[in-house]
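This one's a predicted model, so the numbers in the text were calculated from it and none came from an experiment. Below, chain A is the first sequence line, B the second, and so on; all start at residue 1.
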Number of protein chains: 2
Amino acid sequence: MKLSTKGRYAVMALADIAKFDDNNPVSLRDISLRQGISLLYLEQIFSMLKKNQIVESVRGSNGGYKLTKSPDQIKISNIFSAVQENIKTVGCKKESKKGCNGKSAKCITHNLWDELELHINEFFNKKNLSDLVKGKNENRV
Amino acid sequence: MKLSTKGRYAVMALADIAKFDDNNPVSLRDISLRQGISLLYLEQIFSMLKKNQIVESVRGSNGGYKLTKSPDQIKISNIFSAVQENIKTVGCKKESKKGCNGKSAKCITHNLWDELELHINEFFNKKNLSDLVKGKNENRV
DNA sequence: TCTAAACTTGACTATTTTACTATGGTATAT
DNA sequence: ATATACCATAGTAAAATAGTCAAGTTTAGA
């Protein structure tokens, strides 16, 4: 069970932007250099973030990306759902696998995985971007 | 972020055994049929569970596996660590990747992932096998 | 005693997912 | 005008997942 880079990079990049409280757009090139993430990969991720109104873009030179809302209004869960980093604890929800379909027998552990999903999502709903940038600039590269 | 079948199957299989409170060993063949898990795959998983003293085996015909402890003493976290289903939220712990090594710059989101790991592990430490088999036999296949 | 049922072990493999890279654009500040 | 930035789609190498295959050993019971 591991977190993929897509979700992790998305949060890292947005936290990087959030560290500046001014309204200037931040270029992907800068984020790429600071966070050590491939520029082309970042572009992919930001395309999704933009589609989901987490960020807005400013084109042209000196352009880049800005957050659409203030950091305390952007929850980790918002970011994860935008880049389709979702939690999957159980395969027997949609598919009707043997031992766990709509019929009589429900797999013994089904409830456990549902609870786990809730438990994890609760965490992502509680945390927002501003939680990450407390003590701004202290570790800036 | 998803749970692999190895961990899920291990818990399912052990819960299946725990449903019987008697001391008779349960054969992998029976578990395989009831839970719809490949017998050969189960053998692999139980080899690990045995090495970690979660179960003990009884050889010969009418043999099978028994729990070494009572269900309420077997935590989900014990099972997961036995089959090496571990939580990995961050890649920059051991490897010294750019942007997050031992030096000055610590990746902005590092603490978040550590907290997430703690949050998830807390759940696995709280839950044990007996939590799963409450209302025993009601949905038995 | 014999044999089938059960456990044991290690190697192997197909499929899927991840984590990107490559290519070829379009838009715009300077 | 042009360099710098965003935008979009396709491809792909490596790793992880989810098993299978083969070749045993052990032992209860006929």
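Each of Lys50(A) and Thr5(B) was matched to the nucleotide of DNA chain D holding its nearest heavy atom; the match closer to the 5' end belongs to Lys50(A). Place Gly60(A) and Met1(A) on DNA chain D by their nearest nucleotides, and Gly60(A) ends up nearer the 5' end. In terms of position along DNA chain C, the nucleotide closest to Leu3(A) lies nearer the 5' end than the nucleotide closest to the other residue of the pair Leu3(A) and Asn62(A).
Straight-line distance from the CE atom of Met48(A) to the P atom of dT18(C): 12 Å, rounded to whole Å. Per the geometry, CD belonging to Glu56(B) stands 18 Å off P belonging to dA6(C), to the nearest Å. Remark: C1' of dC7(C) and CD1 of Ile45(B) are 15 Å apart, rounded to the nearest angstrom. Rounded to whole angstrom, the span from the NZ atom of Lys51(A) across to the P atom of dA8(D) amounts to 6 Å. Nucleotide dT21(C) holds its P atom 12 Å from the CD1 atom of Ile37(A), rounded to whole Å. To the nearest angstrom, C1' of dC6(D) lies 14 Å from CG of Asp30(A). Across the protein-nucleic acid pair, Leu49(B) atom CG and dC7(C) atom P stand 13 Å apart, rounded to whole Å. Residue Tyr65(A) contributes atom OH, which lies 13 Å from atom P of dT28(C) at whole-angstrom precision.
Between dA22(D), dT23(C), dC6(D), one nucleotide has an atom nearer to the side chain of Leu40(B) than all others, and that is dA22(D). The side chain of Tyr41(B) sits closest to dA18(D) out of dC6(D), dT21(C), dA18(D). With dT23(C), dT30(C), dC20(C) as the choices, the nucleotide that has an atom nearest any side-chain atom of Gln44(A) turns out to be dC20(C). Residue Ser47(B) has its side chain nearest to dT9(C) when only dC7(C), dT9(C), dT30(C) are considered. Of all nucleotides listed (dT4(D), dA18(D), dA28(D)), dA28(D) comes nearest to the side chain of Ser61(B).
Listed pair Ser38(A) / dT21(C) meets the phosphate criterion, a side-chain N or O lying under 4.0 Å from OP1 or OP2. When the side-chain nitrogen and oxygen atoms of Tyr9(B) are compared with OP1 and OP2 of dA18(D), none of them lie within a distance under 4.0 Å. The side chain of Ser57(B) places an N or O atom within less than 4.0 Å of a non-bridging phosphate oxygen (OP1 or OP2) of dT8(C).
When heavy atoms are screened at a 4.0 angstrom cut-off, Phe46(B) is found touching no nucleic acid atom at all.
Each of Ile54(B), Asn128(B), Val55(B) was scored for a side-chain contact (heavy atoms from CB on, under 4.5 Å) with Ile74(B), with one residue passing: Ile54(B).
With values rounded to the nearest 0.5 angstrom, Lys50(A) atom NZ is found 9.0 Å from Glu56(A) atom CD. Expressed to the nearest 0.5 Å, how far CE of Met12(A) lies from CG of Leu132(A) amounts to 11.0 Å. Atom CG in Leu116(A) sits 4.5 Å away from atom CZ in Phe124(B) (nearest 0.5 Å).
Counting distance only, with no hydrogens placed and no angle test, the side-chain atoms of Glu43(A) and the base atoms of dC7(D) include a donor-acceptor pair under 3.5 Å. At a cut-off of 3.5 angstrom, the base of dT25(D) holds at least one donor-acceptor pair with the side chain of Arg59(B).
In this structure the side chain of Trp113(B) reaches within 4.5 angstrom of the side chain of Val11(A), judged on heavy atoms.
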Could you walk me through whether Glu117(B) and Thr89(B) pass the side chain to side chain donor-acceptor pair (under 3.5 Å) check? CA-CA 7 Å; Glu117(B) 266 192 42; Thr89(B) 51; 3.0 Å; yes
